[in-house]
There are 2 protein chains.
Amino acid sequence: MDTFSDNRLTDAQNELYEWIKDYMKNFQHSPSIRQMMYAMRLKSPAPIQSRLKHLQDKGYIKWQEGKARTLQIIEKISDVIPILGSVAAGGLIETYSDVQENLDISDVLKQKDVFALTVNGDSMIDACIADGDMVLMAPITNPYSIRNGTIVSALVPGLGTTLKYYVKRGHKIFLEAANPNYDPIELNPAEVVFQGKLLAVWRKV
Amino acid sequence: MDTFSDNRLTDAQNELYEWIKDYMKNFQHSPSIRQMMYAMRLKSPAPIQSRLKHLQDKGYIKWQEGKARTLQIIEKISDVIPILGSVAAGGLIETYSDVQENLDISDVLKQKDVFALTVNGDSMIDACIADGDMVLMAPITNPYSIRNGTIVSALVPGLGTTLKYYVKRGHKIFLEAANPNYDPIELNPAEVVFQGKLLAVWRKV
DNA sequence: TGTATTAGAAAACATATGTTTTAATGGATA
DNA sequence: TATCCATTAAAACATATGTTTTCTAATACA
């Protein structure tokens with residue numbers, strides 16, 4: 001007996017399921033049964049309820065009985081990815097079995113005014129930020145709040161923008177690379193504008 | 001005139017707004033006005049409606065009038081982040097001005113059965129994959145399709161799972177680290193199960 | 001072909017829930 | 001203190017919507 005056949009969807013069920021997911025992605029809330037009815041070109045809510053029950057039995061959705069528009073999709077939402085375990089990048093470790101938790105990148109993405117920059121060059125290579133990486137940054141509103149060791153994008157007017165470690169010593173600010181081939185840049189606080197601090201690194205291969 | 005004061009929320013409005021966001025994150029659908037009423041420790045729906053109107057006027061939410069549970073949070077959804085330009089990680093380059101394009105990570109996330117692994121150790125450090133990084137992997141269905149040089153997670157039964165470069169020479173498979181301190185692992189094809197190939201790297205700082 | 005099973009239409013029902021109205025309360029302002 | 005405004009409570013209303021029932025049409029099966 002195929003364990004998957006239990007959860008397999010009929011065409012009608014699958015069409016409804018895909019439509020629901022699309023609706024909820026667009027509107028951030030559940031559709032009503034009558035909306036699904038129209039979308040499925042039906043003229044009575046009964047078939048929809050039947051399909052919803054099947055989708056529920058097969059573990060695709062759930063809802064709060066009697067409550068309007070309370071569907072929930074049971075599965076990874078957009079930005080949640082199952083973390084299946086750890087991999088050794090040194091020796092070998094035991095295999096992973098099942099989902100441990102979910103990788104949720106939304107907490108970074110949903111922050112206010114997050115922006116991304118493309119990295120050029122290798123001055124941060126020892127911080128594992130490589131040429132071509134995307135760095136996700138949060139705007140810096142208060143330069144005095146930056147802590148030493150933070151990776152920031154800084155604009156030095158007339159010169160340009162750079163990604164470096166922020167280090168403040170006395171009244172001087174040093175922008176230090178994570179690559180010994182580059183010398184620190186020494187600046188007065190008035191000479192530099194800090195644009196963002198590093199939240200995350202994204203590398204697509 | 002402060003342009004921000006228009007959109008600033010009162011404590012009551014902010015408490016409701018945060019509660020709504022939390023509810024919708026948890027349930028994937030909108031709460032009802034009476035639920036909000038109870039959550040805000042009120043005994044009548046009128047104050048909630050007043051606060052919702054203010055949230056709407058200030059551009060935080062919207063809904064479909066007369067329809068139950070149709071709230072939407074107005075904010076940049078999901079997975080599109082403005083790319084403001086490049087930063088030098090070498091010398092200095094010109095500053096960035098405006099949005100160049102958007103970083104869309106959904107193409108990776110939306111792939112079928114993508115999963116994530118936590119990286120342990122430093123054997124891939126020269127590939128800029130550091131201890132603690134999350135690697136996003138696509139399942140490998142056909143081991144013969146793996147190209148030399150791909151980074152894969154491989155299960156060596158009885159030993160464990162590891163993240164390495166895949167290299168095939170003749171009838172032997174070599175799992176090579178990106179760190180000269182680690183020796184390649186030499187295997188026969190029958191000894192190893194390939195689970196995923198690297199799609200992207202995610203590092204939250 | 002005839003029967004059983006399923007899907008759909010139609011109508012009616014129950015209620016969850018948005019909306020409105022009115023009055024009471026509390027806080028700010030003059 | 002008196003007045004005004006915003007907030008809340010209470011009640012009532014309208015309807016969107018989940019649910020149930022009954023009947024018919026379509027489909028599968030023997």
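Predicted, not measured: the structure shown is a model, and the values here were computed from it. Order of the sequence lines sets the chain letters (A, B, ...), proteins ahead of strands, with each chain counted from 1.
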TODO: Answer yes or no: is there a side-chain heavy-atom contact under 4.5 Å between Met124(A) and Ile151(A)?
DONE: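 The answer is yes, as the side chains (C-beta and beyond) meet within the 4.5 Å cut-off.
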Open item on the list: Is there a side-chain contact between Tyr60(B) and Ile73(B) in this structure, where contact means two heavy atoms from C-beta onward sitting under 4.5 Å apart?
Closed with: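 No, every pair of side-chain atoms sits at 4.5 Å or beyond.
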Task: Five-pair end axes of the helix from dT1(C)-dA30(D) to dA30(C)-dT1(D), angle between them (10°) - done: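 One end's axis against the other's: 30°.
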Task: Over 12 non-hydrogen atoms of neighbours within 6.0 angstrom of NZ in Lys172(B) - done: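 Result for NZ/Lys172(B): enclosed.
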TODO: Give a yes or no on this: more than 12 heavy atoms of other residues, nucleotides or ligands lie within 6.0 Å of atom CG of Asn26(B).
DONE: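 Above 12, so yes.
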Open item on the list: According to side chain to side chain contact (heavy atoms under 4.5 Å, CB included), who are the partners of Ala12(B), at least two apart in sequence or on a separate chain?
Closed with: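 For Ala12(B), the residues satisfying side chain to side chain contact (heavy atoms under 4.5 Å, CB included) (neighbours in sequence not counted) are Thr10(B), Arg51(B).
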Closest listed nucleotide, where the reference is the side chain of [X] and the choices are [options]:
X        : options                   : answer
Trp63(A) : dG18(C), dA10(D), dT19(D) : dT19(D)
Ser44(B) : dA10(D), dA16(C), dT17(D) : dA10(D)
Pro47(A) : dA9(D), dG8(C), dT17(C)   : dG8(C)
Lys43(B) : dA10(D), dA10(C), dT17(C) : dA10(D)

Task: For Lys168(A), side-chain hydrogen bond (donor to acceptor under 3.5 Å, both in side chains) partners two or more places apart - done: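 With neighbours one apart ignored, the set is empty.
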- [ ] Would you indicate what Arg51(A) reaches in the nucleic acid, counting non-hydrogen atoms under 4.0 angstrom: base, sugar-phosphate, or nothing?
- [x]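 Sugar-phosphate: the residue Arg51(A), judged by heavy atoms under 4.0 Å, touches backbone atoms but no base.
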Open item on the list: Please encode protein proximity along nucleotides 20-25 of chain D as a string of B, S and -, counting only heavy-atom distances under 4.0 Å.
Closed with: B-----
TODO: Quick one: which residue pairs count as a side chain to side chain donor-acceptor pair (under 3.5 Å) with a foot in residues 127-149 of chain B, not counting sequence neighbours?
DONE: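 Those involving residues 127-149 of chain B are Asp133(B)-Arg203(B).
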Open item on the list: Under a 4.0 Å threshold between the charged nitrogen and the carboxylate oxygen, would Lys164(B) count as salt-bridged to Glu186(B)?
Closed with: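 Between Lys164(B) and Glu186(B) there is no salt bridge, as every charged N stays at least 4.0 Å from the carboxylate O atoms.
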Open item on the list: Return the NZ to OH distance between Lys43(A) and Tyr38(A), rounded to the nearest 0.5 Å.
Closed with: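 Lys43(A) atom NZ to Tyr38(A) atom OH measures 11.0 Å (nearest 0.5 Å).
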TODO: Report yes if a side-chain nitrogen or oxygen of Arg69(A) is closer than 4.0 Å to either non-bridging phosphate oxygen (OP1 or OP2) of dA16(D); otherwise report no.
DONE: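 It does not, given that no N or O in the side chain of Arg69(A) lies less than 4.0 Å from OP1 or OP2 of dA16(D).
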Pairs: protein N or O with nucleotides 13-15 of chain D N or O, under 3.5 Å:
none

